[in-house]
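This one's a predicted model, so the numbers in the text were calculated from it and none came from an experiment.
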Amino acid sequence: MSDFSHLRLVWEPRLLSITRIMIGLLFMEHGTAKVLDFPHQETHKIFDLLTLNPGAQGLIELIGGFLFAVGLFTRPVAFILAGDVAVAYFMAHAPRGFFPLLNGGELAIVYCFAFLYFWLAGGGEWSLDRLLGREGGPREIPSDATLVGERWAVSRVSPAHSQDHATAGSTAEREASRR
């Protein structure tokens, strides 16, 4: 197994977790600014629970960001946060203009697609979901596994799977030659 392939297979789930933690902490900061006024922003509105923004939006960002950062209920939280940010984009940014660079909505779009990715990918190796058994354990790499594909798109094929394909291929060839 090449060094890069081994490095990628070992660190891919860990880097997924590190990315999830950082995105969660950064998103949670939006909630702390709205709910706790920390860090203080010049445009800060007094927190009022019965309003959409900063009330409900601040709590969603604070609680959702925390749950996402620690990796608890990662998939459903990520789905909710993706929808939350998409709604925020269309309510606050899209009316200001079409181009996200000009309407200030590029961060909302990045958050939305990052959350959609984690909705499918899960929390990674270092998450409470995995610790509590809500997600599968780390992927084991058999020592005799064969790596196939291009260097940039390596996938593992277990020896049993390789033999099954080899047997199936020879069986298919035999069937074709009989016809």
Closest heavy-atom pair and its distance - [X], [Y]:
{"X": "Gly124", "Y": "Ser127", "value": "O-OG, 3.3 Å"}
{"X": "Asn103", "Y": "Arg96", "value": "O-NH1, 3.3 Å"}
{"X": "Glu125", "Y": "Ser17", "value": "N-OG, 3.0 Å"}
{"X": "Glu106", "Y": "Leu101", "value": "OE1-CA, 3.1 Å"}
{"X": "Ala82", "Y": "Cys112", "value": "O-SG, 3.5 Å"}

[X] side chain to [Y] main-chain N or O, any donor-acceptor pair under 3.5 Å?
{"X": "Thr32", "Y": "Leu36", "answer": "no"}
{"X": "Arg20", "Y": "Trp126", "answer": "yes"}
{"X": "Asp129", "Y": "Arg134", "answer": "no"}
{"X": "Arg75", "Y": "Phe118", "answer": "no"}
{"X": "His93", "Y": "Pro100", "answer": "no"}

Hey, does [Y] have a side-chain heavy atom less than 4.5 Å from the side chain of [X]?
{"X": "His30", "Y": "Val85", "value": "no"}
{"X": "Tyr111", "Y": "Tyr89", "value": "no"}
{"X": "Lys34", "Y": "Asn53", "value": "yes"}
{"X": "Met91", "Y": "Leu52", "value": "yes"}

(request) Please report the C-alpha distance between Leu120 and Leu116 in whole Å, then the side-chain angles of each, then the deciding distance to 0.1 Å, and finally whether the side-chain contact (heavy atoms from CB on, under 4.5 Å) criterion is met. (result) CA-CA 7 Å; Leu120 292 176; Leu116 285 176; over 6 Å; no

Between [X] and [Y], is there shared hydrophobic-cluster membership here, with clusters defined by ILVMFWY side-chain heavy atoms closer than 4.5 Å?
{"X": "Leu26", "Y": "Leu67", "result": "yes"}
{"X": "Met28", "Y": "Phe79", "result": "no"}
{"X": "Tyr117", "Y": "Ile23", "result": "yes"}

(request) Kindly check if the number of other-residue, nucleotide or ligand heavy atoms within 6.0 Å of CZ (Phe113) is above 12? (result)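 Counting other residues, nucleotides and ligands, CZ of Phe113 stays at 12 neighbours or fewer.
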
(request) Can you establish whether the number of heavy atoms outside Leu132 located under 6.0 Å from its atom CG is more than 12? (result)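 Yes - once you tally the heavy atoms of other residues, nucleotides and ligands closer than 6.0 Å, there are more than 12.
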
(message) Using the rule ring pair (Phe, Tyr, Trp, His ring centres under 6.0 Å), only one of Trp119, Phe115, Phe27 pairs with Phe68; which is it?
(response)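 Answer after filtering Trp119, Phe115, Phe27: Phe115.
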
(request) For His6 and Asp3, test the side chains for any donor-to-acceptor distance below 3.5 angstrom and give the result as yes or no. (result)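 His6 vs Asp3: no donor-acceptor pair found between side chains.
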
(request) Please report the C-alpha distance between Gln57 and Thr51 in whole Å, then the side-chain angles of each, then the deciding distance to 0.1 Å, and finally whether the side-chain contact (heavy atoms from CB on, under 4.5 Å) criterion is met. (result) CA-CA 8 Å; Gln57 183 67 27; Thr51 62; over 6 Å; no

